[in-house]
Amino acid sequence: MNIDAALSSWEGESAMIRHDRQTGAWFVIAVHSTRLGPAAGGTRAMVYATPGEAVADATRLAGAMTAKMAVAGLPMGGGKSVIGLPAPRAEIDDVTWRRILTLHAQNLAKLHGDYWTGPDVGTNSSDMDTLRQMTGYVFGRSVEAGGPGSSAEATALGVFEAMKAAAVEAGLGQISGRRVLVQGLGAVGARVAQLALRAGARLLVADVDPARCVAAQAQGARLVKTDEVTRTACEVLAPCATGGLIDTEIARTIPCLVIAGAANNLLRGGKTADVLAQRGIVFAPDFVANAGGAIHLVGREVLGWTPDEVLARTMQIGQTLREVFDNARKRGVSTERAAQDLADRQLGAASGSADGN
Ligand code: NAD
Ligand code: PPY
């Protein structure tokens with residue numbers, strides 16, 4: 001995709017795009033909506049095939065953040081930043097990484113608080129500490145630096161609540177005894193796997209990094225090849241790696257009954273959610289299921305919540321999803337449609353506010 005195509009199909013408020021010739025990095029900050037408050041969403045740093053792909057990823061992810069904040073009842077809008085790296089993060093030396101973060105901090109400062117960032121794929125709390133030394137508008141610093149620390153725990157708890165609610169909706173009842181396939185055993189997925197195991201699930205795992213599967217295998221998990229995830233029979237699929245796993249074609253054949261995971265923008269193509277709904281597969285929309293991280297960051301840093309309040313609000317994700325499922329069933333629409341409509345209602349209810357579109 002080229003930059004023209006990525007931007008002309010997008011209805012967000014603004015996009016800042018910058019290229020650094022010295023490092024070869026591309027910087028994109030997409031502000032989708034500030035209707036409910038300043039836009040917020042993490043900084044994703046990875047290699048993209050083209051600058052257009054980086055812009056497309058940032059804009060899509062920013063839109064999902066708007067819906068996430070709205071459904072979670074948080075007073076923030078939706079945005080995301082993407083840093084298109086010249087090489088995989090692990091191959092970038094400290095001096096280059098420092099320059100990249102410095103330029104990103106400059107970009108953040110130029111938006112004067114229209115957009116607040118946080119960690120995402122390819123960045124962590126320590127990077128947020130570095131950014132915050134250069135600019136405000138940064139959530140998710142480490143506990144040592146006075147921040148709330150990683151959001152992975154809250155995200156995983158929310159995903160697990162989503163999984164349980166979706167299993168009931170699919171007529172599976174409890175997670176105990178069910179085959180739960182977790183794709184991606186990173187910060188969130190490893191925790192989701194533990195929660196599933198503790199609930200008595202029969203765990204299946206897949207990760208491109210085999211070392212990450214070892215601990216789960218030692219606890220009895222069955223290893224699934226990464227290219228067989230969408231062809232492996234299970235009751236519950238929990239995608240916790242990257243987005244875009246399921247397109248219409250895969251949706252027609254995927255052998256599971258529930259999809260509930262952490263990955264943002266899990267579905268590809270406008271009709272994919274409908275295909276899942278037609279097949280009776282219960283999909284927990286990602287921007288509802290993975291809101292625990294946003295609840296943690298915004299709750300702690302904007303709303304002054306205690307960890308217990310964050311936990312209580314994260315546990316409500318199950319109830320929100322039950323309402324989404326009810327609504328989808330009654331209207332005969334996909335769960336994705338019902339969740340997006342819920343977000344749009346929240347956004348419409350705030351249409352009297354001063355700024356944003
Ligand atoms: P992470 O980088 O810690 O973990 C991702 C894991 O997925 C890694 O172990 C990686 O090896 C694995 N992986 C990558 N590609 C894979 C593939 N094709 N097949 C199998 N495994 C693969 O990331 P995370 O913080 O655990 O987040 C996971 C997902 O959840 C991301 O998409 C992120 O955007 C989303 N998310 C995270 C949070 C949060 O609080 N961390 C909040 C909301 C959404
Ligand atoms: C996400 O939930 O996808 C994020 O990007 C995390 C986040 C949430 C709120 C502010 C900054 C980062």
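This chain uses plain numbering: 1 for the first residue, then up along the sequence. Both counts, for ligands and for their atoms, begin at 1 and track the order of listing.
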Looking only at heavy atoms, which two atoms of [X] and [Y] are closest? And how far apart?
{"X": "R231", "Y": "D227", "value": "NH2-O, 3.2 Å"}
{"X": "L347", "Y": "R35", "value": "O-CD, 3.1 Å"}
{"X": "A62", "Y": "A30", "value": "CB-O, 3.5 Å"}
{"X": "I281", "Y": "C256", "value": "CG1-O, 3.4 Å"}
{"X": "A162", "Y": "I317", "value": "CB-CG2, 4.4 Å"}

Kindly confirm or rule out an N or O of [X] lying under 3.5 angstrom from an N or O of ligand 1.
{"X": "D207", "value": "yes"}
{"X": "A241", "value": "yes"}
{"X": "K68", "value": "no"}
{"X": "T242", "value": "no"}
{"X": "T155", "value": "yes"}

For residues [X] and [Y]: do they belong to one hydrophobic cluster (side chain heavy atoms under 4.5 Å, members Ile, Leu, Val, Met, Phe, Trp, Tyr)?
{"X": "V138", "Y": "F27", "result": "yes"}
{"X": "L311", "Y": "L321", "result": "yes"}
{"X": "V182", "Y": "V258", "result": "yes"}

Can you tell me the protein heavy atom closest to [atom] and the distance?
{"atom": "atom 5 (C) of ligand 1", "result": "C240 O, 3.9 Å"}
{"atom": "atom 27 (O) of ligand 1", "result": "V188 CG2, 4.0 Å"}
{"atom": "atom 35 (C) of ligand 1", "result": "A262 O, 3.3 Å"}
{"atom": "atom 34 (O) of ligand 1", "result": "R44 NH2, 3.0 Å"}
{"atom": "atom 17 (C) of ligand 1", "result": "V208 CG1, 3.6 Å"}
{"atom": "atom 6 (C) of ligand 1", "result": "G186 N, 3.7 Å"}
{"atom": "atom 19 (N) of ligand 1", "result": "Q183 NE2, 3.6 Å"}
{"atom": "atom 1 (C) of ligand 2", "result": "K68 NZ, 3.2 Å"}
{"atom": "atom 7 (C) of ligand 2", "result": "L297 CD1, 3.7 Å"}
{"atom": "atom 3 (O) of ligand 1", "result": "A187 N, 3.0 Å"}

Discussion item. Tell me whether ligand 2 is touched by G293 - counting only heavy atoms on the residue side and a distance under 4.0 Å.
Written reply: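 So G293 does not count as touching ligand 2.
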Discussion item. Just to be sure I read this right, does ligand 1 sit under 4.0 Å from the backbone of D286, its side chain, both, or neither, counting only heavy atoms?
Written reply: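 Neither part.
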Practice prompt. Check each heavy atom of V229 against ligand 1 and say whether those closer than 4.0 Å belong to the side chain, the backbone, both or neither.
Written response: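 Neither part.
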Discussion item. Looking at R322 and D326, is any side-chain nitrogen of the basic one under 4.0 Å from a carboxylate oxygen of the acidic one?
Written reply: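 Answer for the salt bridge query: no.
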What are the atoms of ligand 2, with element, lying closer than 4.0 Å to any heavy atom of [X]?
{"X": "G42", "value": "4 (C), 5 (O), 7 (C), 11 (C), 12 (C)"}
{"X": "K80", "value": "1 (C), 3 (O), 4 (C), 5 (O)"}
{"X": "F139", "value": "10 (C)"}
{"X": "A294", "value": "8 (C)"}
{"X": "A40", "value": "10 (C)"}
{"X": "N264", "value": "3 (O)"}
{"X": "M69", "value": "9 (C)"}

Taking the side chain from [X] and the backbone from [Y], do they hold a donor-acceptor pair closer than 3.5 Å?
{"X": "T59", "Y": "A56", "result": "yes"}
{"X": "S81", "Y": "I29", "result": "no"}
{"X": "T96", "Y": "I92", "result": "no"}
{"X": "T43", "Y": "P119", "result": "no"}
{"X": "R300", "Y": "P148", "result": "no"}

Item to complete: Give, for atom CG of L203 and atom CZ of R222, the distance between the pair rounded to the nearest 0.5 Å.
Response: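 One finds 10.5 Å between CG of L203 and CZ of R222.
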Fill in: Passing candidate, side chain to side chain contact (heavy atoms under 4.5 Å, CB included) with N327, options E323, R331, R329
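The residue from E323, R331, R329 that satisfies side chain to side chain contact (heavy atoms under 4.5 Å, CB included) with N327 turns out to be R331.
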Practice prompt. Tell me who clusters with I3, hydrophobic residues only, linked when side chains sit under 4.5 Å apart either directly or through other members.
Written response: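 L7, W10, I17, W26, V28, M46, Y48, V55, V82, listed by chain and number.
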Per-atom contacts of ligand 1 with [X], taking only distances under 4.0 Å to non-hydrogen atoms:
{"X": "D120", "result": "34 (O)"}
{"X": "V121", "result": "31 (C), 33 (C), 34 (O)"}
{"X": "R212", "result": "8 (C), 9 (O)"}
{"X": "N290", "result": "43 (C), 44 (C)"}
{"X": "S151", "result": "39 (C), 40 (O)"}

